[in-house]
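Report on the following structure.
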Amino acid sequence: ESGNPIYQIGPPPTRGRQTDGSKVVRVNVERCLAWGNSLCQACYLACPLRDHAIEIVDQKPIINREICNGCGYCIPACHTVNDPAAIELV
């Protein structure tokens, strides 16, 4: 997963959700419009933990796996502009 270059999920966690078995989101950068140099912030705007669990850096979504609570609000938001969605729970 984290070794696969098509997925961007931020730094490996040292504590928090990923290590306790809960799910967090993963962005497939090959499907993500923002990573394809289009302007899109659908996932970012849908996140209740915006600017903490997901940030926009250089116009691209970056997921902080230690803060993401796995709510999944970003997935249907992404699906409105990507089919299939570029985000999934893992």
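Source: prediction; values computed, not measured.
Annotation: side chain of Q41 is in contact with side chain of I56 (closest heavy-atom distance under 4.5 Å).
Listed by chain and number, the residues in a side-chain contact (heavy atoms from CB on, under 4.5 Å) with P48 are C71, Y73 (sequence neighbours excluded). A search for side-chain contact (heavy atoms from CB on, under 4.5 Å) contacts involving L49 returns C47, A53, I67, N69, not counting sequence neighbours. With sequence neighbours excluded, no residue forms a side-chain hydrogen bond (donor to acceptor under 3.5 Å, both in side chains) with N37. Annotation: side-chain contact (heavy atoms from CB on, under 4.5 Å) contacts of C74 (sequence neighbours excluded): V25, C43, I87.
When the side chains of ILVMFWY residues are joined at heavy-atom separations under 4.5 Å, either directly or via intervening members, V27 and L39 end up in two distinct hydrophobic clusters.
V24 and R65 get closest at one heavy-atom pair: CG1-O, 3.7 Å. Here the closest heavy-atom approach between residue K23 and residue L89 is recorded as CD-CB, 4.1 Å. Contact detail for K60 and A34: the closest heavy-atom pair is CG-O, 3.8 Å. When every heavy atom of W35 is checked against every heavy atom of I62, the shortest pair comes out as CZ2-CD1, 3.8 Å.
Listed by first and then second residue, the side-chain hydrogen bond (donor to acceptor under 3.5 Å, both in side chains) pairs that reach into residues 42-58 are Y44-D51, sequence neighbours excluded.
The hydrophobic cluster around L33 extends to V81, counting ILVMFWY residues whose side-chain heavy atoms fall within less than 4.5 Å of a member.
For the atom pair T80 OG1 and I75 CD1, the distance stands at 12.5 Å (nearest 0.5 Å).
Listed for the N64 side chain is a donor-acceptor partner under 3.5 Å among the backbone atoms of E66.
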